[in-house]
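Heads up, the thing below is written out as structure tokens.
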Amino acid sequence: MEPLNESPGLPESFPDTILDGSRFIRACLRRPVDRTPVWFLRQAGRYMQEYRDVRKHHTLVEICKQPDLASEVTITAAEKLGVDAAIIFADLLLPLEPMGLPFEFQAGEGPVVHHPVRTAEDVRALRTDRTEDLAYVARAIQKVAAHFRNRLGIIGFCGAPFTLASYMIEGGGSKNYIHTKQMMYRDTLSWRLLLDKLVKVLEEYCRLQVLAGADVIQIFDSWVGSLAVADYREYVLEASKRLVLAVQKMGVPVIYFGVDTAGLLPDMASTGADVIGLDWRQPLEEAWRVVGHGHAVQGNLDPITLFAPLEVLELRVKEILRAANGRPGHIFNLGHGIVPTTPVQNVQAVVRMVKEFRLNEPTL
Ligand code: CP3
């Protein structure tokens, strides 16, 4: 039997009426909703003129570290799109700094970690006692929560232990994850210590976000799809599971997301995450069956469909909504983030399509 996987803190106190702000949270908990909630991965970003205007005057990290700016960017994107949830503007890599690993974003190259973690000594030197330094993210969440009150769901987030470890070890993005897997296979003790340290920091980081008003936490395991199932089980699953459980104990649902995860879905679901984020490579109904209907799912439009003519876009959006078939626990989203040259009006069109969709309308 599939376990009923409700987050410990929520059910008792959670309202029965569907308020706009609770639609998304209800769907995370597989409760009935009046319509499918919708938001987008990377909904605040370079495809939006308002964000580019802020970016003219500030670096990405400056925006993250100034709660006034981070909250403004978060709020502007959510309002402009008319979505059901706002994801806090931050970056996956922020926790690296208090752990003792400075990084920067180099134009066109993505993140660069200056002294990657490669040896047992490097792992031992990582600090886990300065998570409070990330309180600027919590302050931004407080501002977003004060602005929206109960009108929208507020999403906090962090990287998953594997995906963050891969940035720390590779020193940036990677194709083959050779250094990461080498540490996993050859110095398993250091690998496990690294994941332990990450879980400790990420748990505290999520706690800051929940206390500040995050309704849901999304854990990004963006690059977990690079792992064989056997390696995920042996070297990663336990740490992911520990983080998921620790966050659920704070009383909020958890969304666990990865890319290229078709083969990993049953194991990702076994973390107990309330919602599994799906990429676009598998039809939603198939992926949901594999995940198990005891979990909610989020997804899964190909972000590049946003470049298609509206008729094609509408066809794909409706296909996904029909595949979900009105079953409680579907959150409409992309299968990965919006890319920088995406036309904003097409993103807004998708929001309209989701809001107007009726399951029983004729399929001409
Ligand atoms: O609305 C939002 O989702 C924005 C908040 C957000 C950012 N990063 C801001 C950002 C979120 C949720 C992230 C998560 C993130 N960061 C992930 C996981 C999500 C995913 O895509 O799988 C990852 C892997 C990162 C690391 C990262 N940050 C990379 C690889 C890059 C470079 C990408 C590129 O196209 O240059 C970033 C930069 C980044 N983080 C940008 C934004 C809006 C764009 C760069 C900029 O404004 O200069």
Side-chain angles (χ1 to χ4, degrees), residues 38-66 69-81 83 85-97 101 103-113 137 140-141 144 152-168 170-175 177 202 205-206 209 214 216-226 255-261 277-280 298-300 303-304 333-342 344 347:
V38 52
W39 69 280
F40 299 91
L41 297 170
R42 288 270 171 104
Q43 66 192 22
R46 284 168 296 185
Y47 77 107
M48 215 177 244
Q49 183 62 48
E50 291 84 343
Y51 176 73
R52 289 198 300 271
D53 289 343
V54 177
R55 268 292 269 125
K56 270 185 212 148
H57 308 287
H58 304 278
T59 66
L60 171 66
V61 174
E62 272 168 17
I63 300 173
C64 295
K65 287 188 174 177
Q66 293 183 39
L69 291 176
S71 57
E72 179 199 318
V73 167
T74 307
I75 291 165
T76 305
E79 287 187 335
K80 183 160 176 158
L81 298 177
V83 284
I87 183 162
I88 191 63
F89 192 88
D91 195 81
L92 217 61
L93 300 188
L94 297 174
L96 268 55
E97 199 174 64
L101 284 185
F103 65 90
E104 64 180 320
F105 287 96
Q106 288 178 357
E109 294 195 32
V112 177
V113 178
V137 176
I141 290 178
V144 174
L152 254 71
I154 294 168
I155 307 171
F157 75 87
C158 70
F162 171 77
T163 290
L164 273 184
S166 81
Y167 277 111
M168 293 167 116
E170 302 295 336
S174 177
K175 187 165 184 288
Y177 300 90
L202 295 170
Y205 180 39
C206 289
Q209 297 186 53
V216 173
I217 293 287
Q218 171 146 333
I219 300 177
F220 283 96
D221 216 347
S222 304
W223 315 135
V224 72
S226 64
I255 305 171
Y256 184 34
F257 167 79
V259 181
D260 236 332
T261 53
L278 305 172
D279 71 52
W280 65 92
Q298 178 172 278
N300 69 342
I304 308 306
N333 206 314
L334 306 174
H336 203 178
I338 297 179
V339 305
T341 51
T342 302
V344 179
V347 185

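Remember, it's 1-based here, ligands and their atoms both numbered in the order they're listed. As the structure is a prediction and not an experimental result, all values here were calculated from the model.
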> So, is Y167 polar-close to ligand 1, with some N/O to N/O distance under 3.5 Å?
Replying inline: no

>> Under 3.5 Å between any N/O of R55 and any N/O of ligand 1: does that happen in this structure?
In response: yes

>> Considering non-hydrogen atoms of the protein only, which is the closest contact for atom 8 (N) of ligand 1, and what is the distance?
In response: D91 OD1, 3.1 Å

> Going by the angle between their ring planes, with limits at 30° and 60°, are W223 and H336 parallel, tilted or perpendicular?
Replying inline: perpendicular

>> Please list the nearest protein heavy atom to atom 2 (C) of ligand 1 with its residue and the distance rounded to 0.1 Å.
In response: R42 CA, 3.4 Å

>> Using side chain to side chain contact (heavy atoms under 4.5 Å, CB included), reason through I154 and I88 one step at a time and then give a plain yes or no.
In response: CA-CA 7 Å; I154 294 168; I88 191 63; 5.8 Å; no

> Could you go step by step and tell me if T342 and I304 meet the side chain to side chain contact (heavy atoms under 4.5 Å, CB included) rule?
Replying inline: CA-CA 8 Å; T342 302; I304 308 306; over 6 Å; no

>> List the residues meeting ring-ring contact (aromatic ring centres under 6.0 Å, His included) with F89, not counting sequence neighbours, and say none if there are none.
In response: Y51

> Of the protein's non-hydrogen atoms, which lies at the shortest distance from atom 4 (C) of ligand 1, and what is that distance?
Replying inline: A44 O, 3.3 Å

> With a 4.0 Å cut-off on heavy atoms, is Y51 touching ligand 1?
Replying inline: yes

> Looking only at heavy atoms, what is the nearest atom pair of V73 and A44, with distance?
Replying inline: CG1-CB, 3.7 Å

> Taking heavy atoms and a distance under 4.0 Å, where does I87 meet ligand 1: side chain, backbone, both or neither?
Replying inline: side chain

> For atom 31 (C) of ligand 1, which of Y47, W39, F105, F103 has the closest heavy atom?
Replying inline: F105

> Who passes side-chain contact (heavy atoms from CB on, under 4.5 Å) against N300, sequence neighbours left out?
Replying inline: L278, L284, I320

> What is the nearest protein non-hydrogen atom to atom 23 (C) of ligand 1, stated with its residue, atom name and distance?
Replying inline: L92 CD2, 3.3 Å

> Do the ring planes of Y177 and F162 sit parallel (below 30°), tilted (30 to 60°) or perpendicular (above 60°)?
Replying inline: tilted

> Do you know the tightest heavy-atom contact between A70 and C64?
Replying inline: CB-O, 4.1 Å

> How far apart are the closest heavy atoms of G335 and V259, and which atoms are they?
Replying inline: O-CG2, 4.5 Å

> Any idea which protein heavy atom is nearest atom 36 (O) of ligand 1, and the distance to it?
Replying inline: R46 NH2, 3.2 Å

>> Among all the protein's non-hydrogen atoms, which is closest to atom 18 (C) of ligand 1, and how far away is it?
In response: S222 OG, 3.3 Å

>> Counting only heavy atoms, tell me which of A70, G110, P111 gets closest to atom 29 (C) of ligand 1.
In response: P111

> Given G45, A90, G173, which has its nearest heavy atom closest to atom 9 (C) of ligand 1?
Replying inline: A90

>> D221 vs T261, test: side chain to side chain contact (heavy atoms under 4.5 Å, CB included). Steps then yes/no.
In response: CA-CA 10 Å; D221 216 347; T261 53; over 6 Å; no

>> Considering non-hydrogen atoms of the protein only, which is the closest contact for atom 20 (C) of ligand 1, and what is the distance?
In response: H336 NE2, 3.1 Å

> Mind checking whether F157 has an N or O less than 3.5 Å away from an N or O of ligand 1?
Replying inline: no

> Can you list the ligand 1 atoms lying under 4.0 Å from a non-hydrogen atom of Q43?
Replying inline: 1 (O), 2 (C), 3 (O)

> Do you know which two heavy atoms are closest between G156 and I141, and how far apart they sit?
Replying inline: CA-CD1, 4.5 Å

> What residue and heavy atom of the protein are closest to atom 39 (C) of ligand 1, and at what distance?
Replying inline: L60 CD2, 3.5 Å

